[in-house]
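Here the structure is laid out as structure tokens; the discussion comes afterwards.
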Amino acid sequence: MSQAESSRAVLVLAHTGRRDAVDAAVSVVERLHAAGLTPALLARDVDRLQVLVGERLNRVPLAVVGRDITLAQCEVGMVLGGDGSILRAAELVRGADLPLMGVNLGHIGFLAESERTELDASVQWVVDHDYTVERRMAIDVRIWREGEQVASSWALNEASIEKKSRERMIDLVVDIDGSPVSAFGCDGVVMATPTGSTAYAFSAGGPVVWPEVQALVMVPISAHALFARPLVVDPDSVMAVEILQHEDEEAVLWCDGRRSVDLPAGSRVEVTRSAEPVRLARVNQTPFSERLVDKFNLPTSGWRGPVASEVRPEDDGVAGTRTDDPTSHPIGAEMATERGTLRHDAAQKEDGQ
């Protein structure tokens with residue numbers, strides 16, 4: 001193995017509060033080292049792992065981020081956990097241009113590339129550099145009060161505005177590109193990316209948006225209004241929410257459920273597409289529709305697949321042309337037979353008139 005290959009560094013991030021994630025992290029570290037790569041860990045993770053599995057960890061040379069290596073020197077980050085772990089990792093590597101490969105040890109794991117049973121394969125994909133990098137849209141979030149920007153943040157999934165008091169709704173106005181759309185009382189509003197459409201926005205009744213679609217989503221939460229439907233807008237639009245100036249009207253902004261800002265009455269939150277996407281390392285080219293079915297265990301019984309197209313030669317010897325014949329599909333044949341019967345019955349009725 002060349003010196004260049006042996007110096008390749010891979011960031012390993014794990015949920016050290018879960019034993020299965022701890023065991024997975026140590027296993028990945030050992031396999032990376034055995035393949036000639038340098039495992040890199042955060043100092044806090046090294047300390048925690050030393051307490052839990054010090055004997056095994058001491059046998060593997062490690063690079064500590066911030067002391068021996070920088071995030072920018074790592075070629076990929078392996079995240080061992082659920083979607084929450086990947087969101088934490090995305091926050092950590094923000095600005096480092098580092099792709100993340102998630103190994104799902106949680107429940108749904110929409111952001112993960114593989115499952116716990118594929119741990120060895122995931123390490124091999126990294127060793128062989130057998131992955132592509134997918135750029136997922138993120139959003140920038142700005143908070144304004146009395147015409148001045150007082151805070152800013154970002155999110156991969158969503159920015160959610162939620163009521164602060166359990167017993168009260170919040171009254172707000174939503175606007176798109178500076179034009180008001182509607183005002184209502186509600187429990188909150190979710191402003192999401194396509195990636196986040198299957199998270200909080202989905203739970204609030206929003207649409208599922210394919211990751212390749214460039215769009216932003218706004219979903220009211222339990223709105224007391226006749227028109228409070230989810231909105232799908234242009235990715236270059238500005239989505240905004242203003243908290244109305246009512247007494248004791250307070251809300252809180254959460255970005256990816258991790259970063260929060262209090263929103264007193266009169267606050268305005270603006271969400272735009274970020275110029276800095278989140279990079280995910282991808283190996284499987286599974287269509288998103290299949291991932292959706294798999295993750296949510298959606299029923300698909302009775303599906304017979306798309307109707308096959310045929311190329312049929314013409315009687316005069318000219319090259320065949322492509323035809324889509326619905327009767328080639330069993331259901332299509334049944335429908336064609338039924339339509340033919342109906343036409344025959346209709347013709348008989350006309351002849352009898």
Side-chain angles (χ1 to χ4, degrees), residues 1-16 18-42 45-46 49 52-53 55-65 68-90 92-93 96-136 195 211 278-288 290-291 294-295:
M1 181 174 293
S2 69
Q3 179 63 33
E5 289 178 313
S6 63
S7 63
R8 292 170 57 198
V10 175
L11 178 66
V12 180
L13 297 168
H15 191 323
T16 55
R18 294 176 45 177
R19 184 67 200 196
D20 58 343
V22 168
D23 292 338
V26 177
S27 178
V28 167
V29 164
E30 292 172 337
R31 284 169 168 77
L32 289 172
H33 172 64
L37 278 65
T38 301
L41 282 82
L42 303 179
D45 289 348
V46 172
L49 291 173
L52 297 173
V53 288
E55 187 71 21
R56 288 178 63 187
L57 202 65
N58 290 336
R59 294 197 291 264
V60 183
L62 299 173
V64 179
V65 175
D68 308 316
I69 197 171
T70 65
L71 287 174
Q73 290 175 293
C74 299
E75 67 176 51
V76 67
M78 294 191 67
V79 186
L80 313 173
D83 283 341
S85 297
I86 297 177
L87 291 175
R88 285 191 291 273
L92 173 69
V93 305
D97 203 31
L98 180 69
L100 300 173
M101 178 183 291
V103 180
N104 181 38
L105 304 180
H107 298 291
I108 295 179
F110 245 110
L111 294 173
E113 183 61 13
S114 59
E115 302 296 324
R116 68 181 70 216
T117 55
E118 300 175 293
L119 189 62
D120 291 347
S122 300
V123 174
Q124 196 59 48
W125 293 333
V126 170
V127 171
D128 296 338
H129 212 285
D130 184 20
Y131 59 85
T132 59
V133 177
E134 178 181 331
R135 290 166 173 79
R136 290 290 186 94
T195 298
V278 172
R279 293 155 56 87
L280 298 179
R282 291 297 191 201
V283 176
N284 300 310
Q285 302 302 316
T286 306
F288 180 72
E290 291 187 21
R291 293 175 66 89
D294 179 58
K295 297 298 183 179

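The chain is numbered in sequence order, starting from 1. The structure presented is a predicted model; accordingly, all values stated were derived computationally and were not measured.
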### Message
Would the distance check show the side chain of Glu30 and the main-chain N or O of Val60 forming a donor-acceptor pair, the cut-off being under 3.5 Å?
### Response
no
### Summary
Value for OG1 (Thr38) from CG (Leu11), rounded to nearest 0.5 Å, stands at 12.5 Å
### Arg19 and Val53, any side-chain heavy atoms less than 4.5 Å apart
yes
### Message
Looking at every non-hydrogen atom in both residues, tell me the closest pair between His33 and Pro61 and how far apart they are.
### Response
CE1-CD, 3.4 Å
### Message
Do Pro211 and Arg136 have side chains that approach each other closer than 4.5 Å (heavy atoms only, starting at C-beta)?
### Response
yes
### Task
Could you tell me which residues satisfy side chain to side chain donor-acceptor pair (under 3.5 Å) with Asp294, sequence neighbours excluded, listed by chain and number?
none
### Query
What are the two closest heavy atoms between Ala21 and Ala14, and how far apart are they?
O-CB, 3.8 Å
### Query
Just wondering, do Ser114 and Val283 contact through their side chains at under 4.5 Å, heavy atoms?
no
### Gap separating the CD1 atom of Ile86 from the CE atom of Met101, nearest 0.5 angstrom
11.0 Å
### Query
Are Leu111 and Leu87 side-chain neighbours, meaning at least one heavy-atom pair lies under 4.5 Å?
yes
### Task
Would you check, one step at a time, whether the test side chain to side chain contact (heavy atoms under 4.5 Å, CB included) holds for Cys74 with Ile69?
CA-CA 8 Å; Cys74 299; Ile69 197 171; 4.2 Å; yes
### Task
Start with the C-alpha distance between Gln285 and Thr132, add both sets of side-chain angles, then the distance that settles side chain to side chain contact (heavy atoms under 4.5 Å, CB included), and finish with yes or no.
CA-CA 10 Å; Gln285 302 302 316; Thr132 59; 4.1 Å; yes
### Message
Counting C-beta onward and ignoring hydrogens, is there a side-chain heavy-atom pair between Leu42 and Leu92 closer than 4.5 Å?
### Response
yes
### Query
So, for Gly82 and Asn104, which heavy atoms are closest and what is the spacing to 0.1 Å?
CA-OD1, 3.9 Å
### Message
I need the minimum non-hydrogen distance between Ala89 and Val79, along with the two atoms involved.
### Response
CB-CG2, 3.6 Å
### Query
Below 4.5 Å, heavy atoms only, C-beta onward: do Glu118 and Val103 meet side chain to side chain?
no
### Message
Using a 3.5 Å distance criterion without hydrogens, assess whether the side chain of Arg116 forms a donor-acceptor pair with backbone atoms of Leu105.
### Response
yes
### Message
Go through it in stages, so that I can follow the logic: the residues are Arg88 and His15, the test is side chain to side chain contact (heavy atoms under 4.5 Å, CB included), and I'd like the CA-CA distance, side-chain angles, deciding distance and then a yes or no.
### Response
CA-CA 10 Å; Arg88 285 191 291 273; His15 191 323; 3.4 Å; yes
### Any donor-acceptor pair under 3.5 Å from Gln73 side chain to Thr70 backbone
yes
### Message
Evaluate Glu115 against Lys295 for salt bridge (charged side-chain N to carboxylate O under 4.0 Å, His left out), listing each step before the verdict.
### Response
CA-CA 11 Å; Glu115 302 296 324; Lys295 297 298 183 179; 2.8 Å; yes
### Query
Is Arg31 close to Asp120 at the side-chain level, that is, under 4.5 Å between some pair of heavy atoms?
yes
### Task
Show your working on side chain to side chain contact (heavy atoms under 4.5 Å, CB included) between Arg8 and Leu32 and close with a plain yes or no.
CA-CA 10 Å; Arg8 292 170 57 198; Leu32 289 172; over 6 Å; no
## Note on the structure
Closest non-hydrogen atoms of Ala281 and Val76, given as atom of the first, atom of the second and distance, are CB-CG2, 4.1 Å
### Query
From Glu113 CD over to Leu100 CG, what is the distance, rounded to the nearest 0.5 angstrom?
12.0 Å
### Message
Whether the side chain of Asp45 engages the backbone of Leu13 through a donor-acceptor N/O pair (distance < 3.5 Å, no angle test) should be reported.
### Response
no
### Query
Of all residues at least two apart in sequence or in a different chain, which pass the ring pair (Phe, Tyr, Trp, His ring centres under 6.0 Å) check with His129?
Tyr131
### Query
Roughly how far apart are Met78 CE and Leu119 CG, rounded to 0.5 Å?
6.5 Å
